[in-house]
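Not measured: the values here are computed from a predicted model. Order of the sequence lines fixes the chain letters, A, B, ..., with proteins taken first and strands second; residue numbering starts at 1 for each chain.
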Amino acid sequence: MTNPPRELSPSTEGELYTLNMGPQHPSMHGVLRLVLQLRGEQIVNAKPVIGYSHRAHEKMAENRSALQFLPNSSRIDYLSGMIYNLGYCQAVEKILQIEVPDRAVHIRIIAAELNRISSHLLWFGTFLLDLGGITPFLYSFDDREQILDILDSVTGSRLTYCYGRFGGVTRDVDDEFLERSTAFIKLLRTRLLMYKRLVTDNVILRERCIGVGVISKDTAFRFDVTGPSLRASGVAYDVRKAEPYGGYDRFDFEVPTEEDGDTMSRFHVRIREIEQSCRLIEQAIASMPEGDILPKKMPKRFQIPKGEFYFACESARGHFGIYMVGDGSDIPFKMKLRTPSFSNLSAMPETLRGTMLADTIAIVGGIDIVMPEIDR
Amino acid sequence: MGYFAKLFSGSKSLVSGMGVTLKELVGTTAQHKAVTLQYPKEKPVLAPAYRSAIKLIRFEETNSHDCVACKACERICPSFCIKLDGGKVEGIKKKRVQTFEMDFALCSLCGLCLDVCPTATLEYSKAYDEAGYNRDWRVDLVAEFRDYEEEFIRKQRAIEEAAAAEKALKAEQAKAAKEKAAKAKAAKEAAAKDAAPKDDAAPKAAKEDAAPKDASGANDGHTDAEDKS
Amino acid sequence: MSQSITDYAPQTITELVGNPWLAMPMAAGIIMGALTVNVLMLVWAERKVSAWIQRRMGPTEVGPYGLLQTLADMLKLISKQLITPANIDKPLYHLAPLMAFAPVVGAVALFPVSRDYVLLDNDLGLLFVFALGGMAVIAIFMAGWGSNNKYALLGAVRSVAQNISYEIPLILSALSVVLVVNAMGGSTASGLNLSHIAWVQSHEHVWFILLQPLAAIIYFISALAETNRAPFDIPEAESELVAGFHTEYSGMRFSLFFFSEYTNMLIVSMLAVVLFLGGWDGPLLPGPAWFFLKSYALIFVMMWVRWTFPRLRFDQLMTFCWTVLIPLSILNLLATALAISVL
Amino acid sequence: MSVDLPTRIDELSTASEECAYEKVGFHQRHTIDASVLIDLARAFFEAGYVLEMITCQDLRAETQKMLLVYSFNRLESVDRQLLHLAIDPDTEQAPTLSMIYSGANWFEREVYDMYGVRFSDHPELERILLPEDADFFALRKDFGRMDEASAGGDEAEEGDDD
């Protein structure tokens with residue numbers, strides 16, 4: 001009943017054959033295609049083929065003003081759209097040196113962390129679905145649905161939010177929103193206990209996850225794997241701590257890490273991150289100041305000054321970077337979106353080598369990729 | 001961990017997992033607490049912030065919208081989904097939109113058009129379960145206002161006339177204030193010439209007179225003078 | 001109840017009707033009708049159970065409580081175009097659904113639903129059921145091989161390995177029951193006769209789950225694996241193999257596989273009831289009522305398990321069988337034999 | 001290799017520039033030649049820096065060159081270093097970093113895909129986001145403007161949007 005370390009067996013008996021997984025496959029998230037070379041059920045070579053949902057966000061960014069790119073930002077990664085949307089706003093604010101009012105900072109943190117929880121919950125559900133557990137999937141979607149309702153009540157959208165504005169947010173939150181968020185966090189804590197009994201402690205899940213898909217510190221380093229996948233390998237790197245942005249340095253939260261770097265560690269890191277996000281939301285609600293949600297003084301046109309700029313923020317999947325080059329007009333000369341899943345997925349061929357076919361699903365599901373984010 | 005200990009702990013975890021699902025099963029059947037919404041039979045309650053296709057707000061005083069065809073929304077729209085045209089209308093000062101077409105199939109509901117609208121006459125509609133058979137989803141935003149156009153012009157003219165009258169009144173008041181201020185200034189200057197220290201009454205009066213601030217820059221010279229004193 | 005333990009013999013349908021040429025089509029008709037209703041109900045039940053576990057409503061629209069939903073689905077499947085993929089192995093591909101379907105229908109005839117009547121009384125009934133159950137593997141492999149699809153082939157290969165492995169603990173655990181029956185029922189009784197196994201439990205007022213708890217648990221787990229039910233649904237693991245061996249099947253051919261899967265569930269449950277839960281034995285209610293009550297309760301447990309657990313990985317499944325189930329069932333068999341010879 | 005990183009950078013780079021991190025989000029920017037890229041990347045690797053991204057700017061209108069931008073960062077405490085490497089895509093090739101930083105493999109493929117800059121000794125320099133049979137490099141400035149290419153027919157008048 002243990003997981004022996006599965007290395008590529010030295011025997012080269014039997015022919016290799018190619019199995020094409022995806023882009024239309026029940027458990028290839030979005031439209032990932034994996035070309036697997038197999039010997040029996042063991043993977044000799046895995047080649048991810050991406051680009052099926054390439055929407056040319058970077059080209060679009062070069063052809064419209066920075067403000068007009070705003071609705072694009074949440075569509076880069078539709079599962080943590082709020083984080084991307086606010087992250088893009090924060091990048092432009094940094095470039096244009098716009099001061100964000102305190103209330104907006106707090107609202108943004110609540111919204112972003114709610115979004116992070118919803119993204120992790122979705123990952124939790126789909127990961128279990130990949131492993132064949134359908135019921136936890138529906139439970140977590142039930143919880144996630146409540147987050148969507150809460151965010152819907154203030155942003156008006158459920159998935160691709162366009163809530164941020166340069167300098168603040170579009171709509172002020174009311175007491176009902178804060179109460180609902182508090183109540184939800186209370187509920188989520190009891191649900192997490194339930195998930196522990198149903199899922200985390202489950203012997204089948206543990207057998208499926210422990211020791212599977214180990215990403216070592218060295219591998220993570222060479223591929224620049226970030227986010228929960230990196231923290232599961234024992235590196236406490238979180239952009240919110242390393243380069244504090246958007247007021248995260250005013251709040252108290254931990255960066256959960258695990259040592260083993262396997263799928264189970266990634267699982268635990270995400271569950272613990274949900275708890276940390278809950279803490280952040282509680283603090284932000286408790287210290288919510290009164291005031292404006294947009295700065296009083298705003299530039300008329302958002303002109304990107306000449307020069308290059310880099311802004312990093314922590315999405316639910318890792319380090320999301322915006323590299324922008326301006327030429328003085330309000331249309332960026334160049335915008336590069338450094339998305340975490342892209343790097344995380346690029347480490348997959350190495351991680352998948354030598355594992356079983358069934359592990360492919362667990363590993364690819366476990367690193368939590370979002371295809372539109374990779375393809376951009 | 002030993003073989004049997006592992007077997008035991010594994011079985012325990014399975015049983016506790018089954019306990020969770022049994023509890024949920026009983027919860028659904030006995031307490032009738034399914035979390036799903038029986039959609040076509042029950043309708044969801046929409047949040048006040050809910051976003052659907054944009055529409056023009058009907059203002060009470062004119063019973064119509066207030067779009068002046070400035071085209072700010074058309075220019076800002078990242079999806080190029082707004083097409084509008086309009087211009088001068090006989091009888092009123094304001095410009096008026098003639099056609100306002102919006103292609104909802106292209107719209108990404110970002111809300112930038114609402115932000116830039118100078119007259120704040122755009123808002124989101126609350127339609128949520130619409131479906132179409134083709135990619136073109138053109139909505140004519142002005143359509144519902146066409147029948148009220150004459151009424152609007154009448155009411156708008158009344159408003160404009162009232163506003164003009166008020167403006168005239170204010171201008172008069174301002175003129176009066178200016179004259180008074182000028183007089184006070186003259187008096188002050190005279191007083192200053194006479195004896196510098198005791199002259200607080202006149203500027204104070206001038207200040208009270210100049211209270212209607214919106215009466216344009218007529219009293220600028222006066223405030224300068226007051227500051228200096 | 002005055003019969004002695006050895007001369008118990010239920011009436012078969014042939015004895016009842018008198019003419020075997022008339023009795024056989026009648027039996028076939030009864031079985032087919034009952035099984036069709038059973039499958040329709042089971043699919044509905046599975047959807048309802050899963051829905052309730054997941055806090056949903058399940059089918060509600062067609063018929064009262066959505067009862068007719070599966071009937072509508074069946075009509076849809078029957079009326080669907082049969083799509084035959086290119087480059088298949090035609091005989092295997094076309095025969096496989098029938099091969100999956102036929103044995104399960106045959107096996108049902110052997111089960112003693114009541115004390116006095118059984119469709120077919122056979123002294124080797126238990127072996128016959130296992131033999132027919134073993135044919136399902138062949139059908140699955142034919143389907144997987146014939147489809148000319150890698151996912152289907154992988155599913156078929158997994159299925160063969162799994163079913164052959166899990167037949168060992170399944171039969172070993174049943175065998176310990178047979179030993180007990182033979183010990184209790186005297187030398188003339190056949191421990192392989194299903195009616196007889198049930199009869200002995202009723203006559204001695206002891207269900208074999210009490211005498212053989214370990215065998216019962218091993219049997220149930222192996223039965224889950226034999227019927228390819230979650231968490232052992234590896235041959236058709238939809239998140240890995242799309243649909244496993246029946247990836248390339250659609251319409252009525254697919255529904256034959258579906259039919260056999262759900263009937264298999266019924267068969268293993270009925271067998272468990274006969275072997276461990278006293279068959280038709282029970283107070284107040286008539287025998288058939290008890291028999292089906294127990295069977296469906298077991299099926300409910302199977303559904304409950306399916307909607308609770310994630311799926312095992314293939315090698316874990318085999319490891320579990322060879323390091324846990326088989327040693328334990330062998331030990332259990334030896335202990336039983338020892339106990340019988342000592343007592 | 002006991003030389004510390006700043007000295008090594010000084011040795012290898014053509015020009016270095018301190019930048020205000022609070023304003024632009026990175027600490028230093030270095031301009032380098034293609035010949036020293038691998039040595040410098042190795043120095044970064046040994047100093048514990050990760051390669052965050054590789055991207056490119058199409059500066060052909062002004063300098064006839066593509067400007068490759070490499071971003072290195074330290075995980076323990078932020079220290080973002082940008083490298084600028086100008087390459088003529090038609091005549092020159094940049095050296096690949098994929099044997100030092102495995103993640104560079106995909107970044108370089110993306111740059112090739114979007115800008116047509118080739119990397120010498122790259123293990124699999126293929127299209128990554130665009131289809132294999134694409135005959136254009138999408139992010140080059142001379143490749144069509146978005147609004148002309150976009151569907152919908154009636155967008156001809158957006159050419160001058162601002």
Side-chain angles (χ1 to χ4, degrees), chain A residues 47-52 54 56 58-65 68 91 94-95 97 219-226 230 235-237 239 242-243 301 305 307-312 319 321-325 329-331 333-339 342-343 345-347 349-350 374-376, chain D residues 19 21-26 29 45 48-59 67 69 71-78 80 82 84 98 100-107 109-111 113-114 124 126-132 138-139 141 143-150 158 161-162:
Chain A
K47 187 182 173 201
V49 180
I50 61 174
Y52 288 94
H54 178 57
E58 289 170 10
K59 188 75 179 171
M60 275 192 243
E62 292 176 19
N63 284 286
R64 53 185 60 195
S65 71
Q68 285 180 319
K94 183 170 179 174
I95 293 167
Q97 305 284 308
T219 311
F221 183 78
R222 279 186 290 113
F223 285 98
D224 193 21
V225 173
T226 49
L230 175 69
V235 183
Y237 176 72
V239 182
E243 318 175 45
R301 288 160 65 97
E308 52 186 346
F309 307 91
Y310 193 92
F311 175 81
H319 170 162
I322 298 173
Y323 170 76
M324 217 189 284
V325 182
S329 75
D330 55 2
I331 300 175
F333 176 75
K334 151 95 194 155
M335 179 153 19
K336 157 82 182 167
L337 304 160
R338 186 253 182 241
T339 50
F342 185 83
S343 295
L345 184 71
S346 71
E350 205 171 294
I374 295 170
D375 295 343
R376 279 160 288 151
Chain D
C19 302
Y21 170 73
E22 290 71 34
K23 277 196 181 146
V24 296
F26 52 89
R29 177 165 55 191
F45 185 79
Y49 282 65
V50 295
L51 175 63
E52 274 179 340
M53 61 153 202
I54 301 175
T55 187
C56 187
Q57 297 178 28
D58 183 0
L59 298 181
L67 186 68
V69 181
S71 168
F72 293 90
N73 188 17
R74 192 168 54 198
L75 295 185
E76 295 84 52
S77 60
V78 58
R80 188 168 285 116
L82 295 193
H84 278 186
S98 54
I100 304 168
Y101 287 103
S102 316
N105 186 330
W106 280 28
F107 285 133
R109 277 176 70 186
E110 195 192 329
V111 169
D113 197 5
M114 294 297 172
E124 40 165 359
E126 299 162 15
R127 296 265 180 186
I128 185 164
L129 293 179
L130 299 177
E132 297 95 31
L139 281 179
K141 286 285 175 190
F143 181 67
R145 278 175 69 91
M146 209 52 205
D147 40 27
E148 289 163 19
S150 68
E158 266 88 42
D161 66 299
D162 46 13

Pair D:Glu110, A:Arg376 - check side-chain contact (heavy atoms from CB on, under 4.5 Å), show working.
CA-CA 11 Å; D:Glu110 195 192 329; A:Arg376 279 160 288 151; 3.0 Å; yes
Go through the steps to decide whether D:Arg80 and A:Glu243 satisfy the test side-chain contact (heavy atoms from CB on, under 4.5 Å), and finish with yes or no.
CA-CA 11 Å; D:Arg80 188 168 285 116; A:Glu243 318 175 45; 2.5 Å; yes
Which is it for D:Phe26 and A:Phe309 under the ring pair (Phe, Tyr, Trp, His ring centres under 6.0 Å) test, yes or no, and what are the steps along the way?
CA-CA 8 Å; D:Phe26 52 89; A:Phe309 307 91; 8.0 Å; no
Check the pair D:Leu51 / A:Asp224 against side-chain contact (heavy atoms from CB on, under 4.5 Å), numbers first and verdict last.
CA-CA 6 Å; D:Leu51 175 63; A:Asp224 193 21; 5.8 Å; no
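Highest contact tally toward chain A, considering only D:Val69, D:Leu82, D:Leu75, is held by D:Leu75 [criterion: heavy-atom pairs under 4.5 Å]. The candidate from D:Met114, D:Glu124, D:Arg29 with the greatest count of non-hydrogen atom pairs under 4.5 Å with chain A is D:Arg29. The residue among A:Val225, A:Val49, A:Leu345, A:Thr226 with the most heavy atom pairs within less than 4.5 Å of chain D is A:Leu345. Of all the listed residues (A:Lys336, A:Glu308, A:Lys334), the one sharing the greatest number of non-hydrogen pairs under 4.5 Å with chain D is A:Glu308.
Under the 6.0 Å cut-off for aromatic ring centres, A:Phe223 and D:Tyr101 do not qualify, their centroids lying 6.0 Å or more apart.
Interface residue A:Ser343: only side-chain heavy atoms are found under 4.5 Å from chain D. D:Ser102 touches chain A through backbone and side chain together, each having a heavy atom under 4.5 Å away. Within the 4.5 angstrom heavy-atom criterion, only backbone atoms of D:Cys56 (N, CA, C, O) approach chain A. For D:Arg127, no part lies under 4.5 angstrom from a heavy atom of chain A. Both the backbone and the side chain of A:Glu58 come within less than 4.5 Å of a heavy atom in chain D. Interface remark: A:Leu230 contributes side-chain atoms only to the contact with chain D (heavy atom separation under 4.5 Å). D:Ile54 touches chain A through its backbone: at least one of N, CA, C or O sits under 4.5 Å from a heavy atom, while the side chain does not. Proximity to chain A is limited to the backbone of D:Tyr49, based on heavy atoms less than 4.5 angstrom apart. Interface remark: D:Leu130 contributes side-chain atoms only to the contact with chain A (heavy atom separation under 4.5 Å).
Within the 4.5 Å cutoff, the side chain of A:Tyr52 has no heavy atoms near those of the D:Pro131 side chain. In this structure the side chain of D:Asn73 never reaches within 4.5 angstrom of the side chain of A:Tyr310, judged on heavy atoms.
Annotation for D:Glu132: atom CD does not count as buried by contact number, only 12 or fewer foreign heavy atoms lying within 6.0 Å.
Note on A:Lys47 versus D:Glu126: salt bridge recorded, some NZ/NE/NH1/NH2 to OD/OE distance being below 4.0 Å.
A:Ser346 and D:Gly103 get closest at one heavy-atom pair: OG-CA, 4.4 Å. For the residue pair D:Asp58 and A:Phe333, the shortest heavy atom distance occurs at O-CZ, 3.3 Å. A pairwise comparison of heavy atoms in A:Gln97 and D:Glu22 identifies NE2-O, 4.3 Å as the closest pair.
For the residue pair D:Glu76 / A:Tyr237, no side-chain donor-acceptor distance below 3.5 Å is found, with atom types taken as modelled. D:Glu52 and A:Tyr323 form no side-chain donor-acceptor contact under 3.5 Å, judged by distance and modelled atom types alone.
In this structure a side-chain-to-backbone donor-acceptor pair under 3.5 Å is missing from A:Lys94 to D:Lys23.
Under the side-chain contact (heavy atoms from CB on, under 4.5 Å) criterion, A:Ala91 pairs with A:Phe311, A:Ile322, not counting sequence neighbours.
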